[in-house]
Amino acid sequence: MDDWIDYYDSTHTIYASKLHRDLHFQGIARDIVGYIPSPDAVVLDYSCGEALSAGKVADACMTLILAEPAPGVRGRLIARFAPNTKIRVRSLDELRNMQEASVDLVVMNSVAQYMSASEFDAALAVIRRLLKPSGKFVLGDILQPEVGMGRDVLALLRFAARDGFLKDALVGLVATALSDYRQLRTKVGLQRYSEADILARLKKAGFSAVRAPKNIGHNPWRMTFVARPVSGT
Ligand SMILES: C[S@@+](CC[C@H](N)C(=O)[O-])C[C@H]1O[C@@H](n2cnc3c(N)ncnc32)[C@H](O)[C@@H]1O
């Protein structure tokens, strides 16, 4: 296994159990819905993963584009959401050919850490092109340089204790520690950015951004940013 896309395309143990996975995607969908500006919005979820609760997001907007690079995950998304006429599934390459200024809200949650810095900048350019001038880009779950893996473990255990899957989470942590995840985290690593670094990258890509008071999802030690296109850039 060479990269994080392969990892997410494999039968990984990042979700400790079905309950954990379901609660994760329910929480993410709830947070995305909170950012949808109106029921006629076009929403893009960039690297959406399994997006098990995407139906809830689609209920709150006009069109939901689920973009995902991992081919196996994408195949499951196509099968899962075929009956939902509001949902389109796309590869990341296909996003480059979409009409510019056609999207009201782009969400990229828990993805930037898996990209190289240059991949991240390239993704920002694609997103900037797709957003309407009035659009919004929400960038979630950014890891900070000074916050280590211990906080990830603590955040997961707090989430598990609150929602009744603590035993699963403990077993899952051991499985993950012994898995490809641990190897990849050592070999390929995760990209971390300070608040100032993210704001500077967003500015360079043509956005004006602020840090949101609350991160998307369950980990309060990670950061979410809300960015708007700057006209004329
Ligand atoms: C932790 S999951 C996040 C899924 C979803 N956005 C969520 O919040 O649950 C990470 C996602 O990033 C994707 N990914 C991994 N490496 C990537 C890369 N280099 N470029 C774009 N996406 C990548 C994976 O395929 C996976 O869908």
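For ligands, and for the atoms within them, numbers begin at 1 and follow the listed sequence. Owing to the predicted nature of the structure, the values given are computational and were not obtained by experimental measurement. The basis for the numbers below is simple: all heavy atoms, side chains too, and nothing from hydrogens, waters or symmetry mates.
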Checklist entry - Aromatic ring centroids of Tyr193 and Phe120 under 6.0 Å? => result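 Yes, close enough.
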Q.
Centre-to-centre under 6.0 Å for His20 and Phe159, is that the case here?
A.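 Yes, the ring centres sit under 6.0 Å apart.
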**Report entry** ligand 1 N/O within reach of Asn109 N/O, cut-off under 3.5 Å
**Finding:**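 By distance alone, the answer is yes.
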May I ask you to check whether His24 has an N/O atom sitting below 3.5 Å from an N/O atom of ligand 1?
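Yes, at least one N or O pair falls under 3.5 Å.
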Enumerated ligand 1 atoms positioned under 4.0 Å from heavy atoms of [X]:
{"X": "Glu68", "answer": "24 (C), 25 (O), 26 (C), 27 (O)"}
{"X": "Ser110", "answer": "1 (C), 2 (S), 3 (C), 10 (C)"}
{"X": "Ser47", "answer": "4 (C), 5 (C), 6 (N), 12 (O), 13 (C), 21 (C), 22 (N), 23 (C), 27 (O)"}
{"X": "Leu92", "answer": "21 (C)"}
{"X": "Cys48", "answer": "4 (C), 5 (C), 6 (N)"}
{"X": "Gly49", "answer": "4 (C), 27 (O)"}

Minimum side-chain heavy-atom gap Asp152-Arg222 below 4.5 Å = yes
- Any idea which of Gln191, Glu119, Gln113 brings a heavy atom closest to atom 19 (N) of ligand 1?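 Closest candidate by heavy-atom distance is Glu119.
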Note: heavy atom closest to atom 23 (C) of ligand 1, options Pro69, Ala67, Ser53, Ala51, belongs to Pro69
For Arg88, run the side-chain contact (heavy atoms from CB on, under 4.5 Å) check against Thr63, Leu64, Leu66 and tell me which one passes.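 Testing Arg88 for a side-chain contact (heavy atoms from CB on, under 4.5 Å) against Thr63, Leu64, Leu66 leaves exactly one candidate, Thr63.
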The protein heavy atom nearest to atom 17 (C) of ligand 1 is Ile5 CG1, 3.4 Å
Logged contact type for Phe25 with ligand 1, heavy-atom cut-off 4.0 Å, is side chain
Review point. Of the backbone atoms (N, CA, C, O) and the side-chain heavy atoms from C-beta on, which set of Tyr8 has a member under 4.0 Å from an atom of ligand 1: side chain, backbone, both, or neither?
Key: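 For Tyr8, only side-chain atoms sit under 4.0 Å from ligand 1.
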Q) Are Asp93 and Ser91 linked by a side-chain donor-acceptor pair shorter than 3.5 Å? A) no
Only residue of Arg74, Arg21, Lys18, Arg80 satisfying salt bridge (Lys or Arg N to Asp or Glu O under 4.0 Å) with Glu50 is Arg80
Rounded to the nearest 0.5 Å, the CG atom of Asp31 sits from the NE2 atom of His218 at a distance of 12.0 Å
Rounded to the nearest 0.5 angstrom, the CZ-OG1 distance for Arg211 and Thr224 is 8.5 Å
- Give the ring-plane orientation class for Trp4 versus Tyr8, where under 30° counts as parallel, over 60° as perpendicular and anything between as tilted. tilted
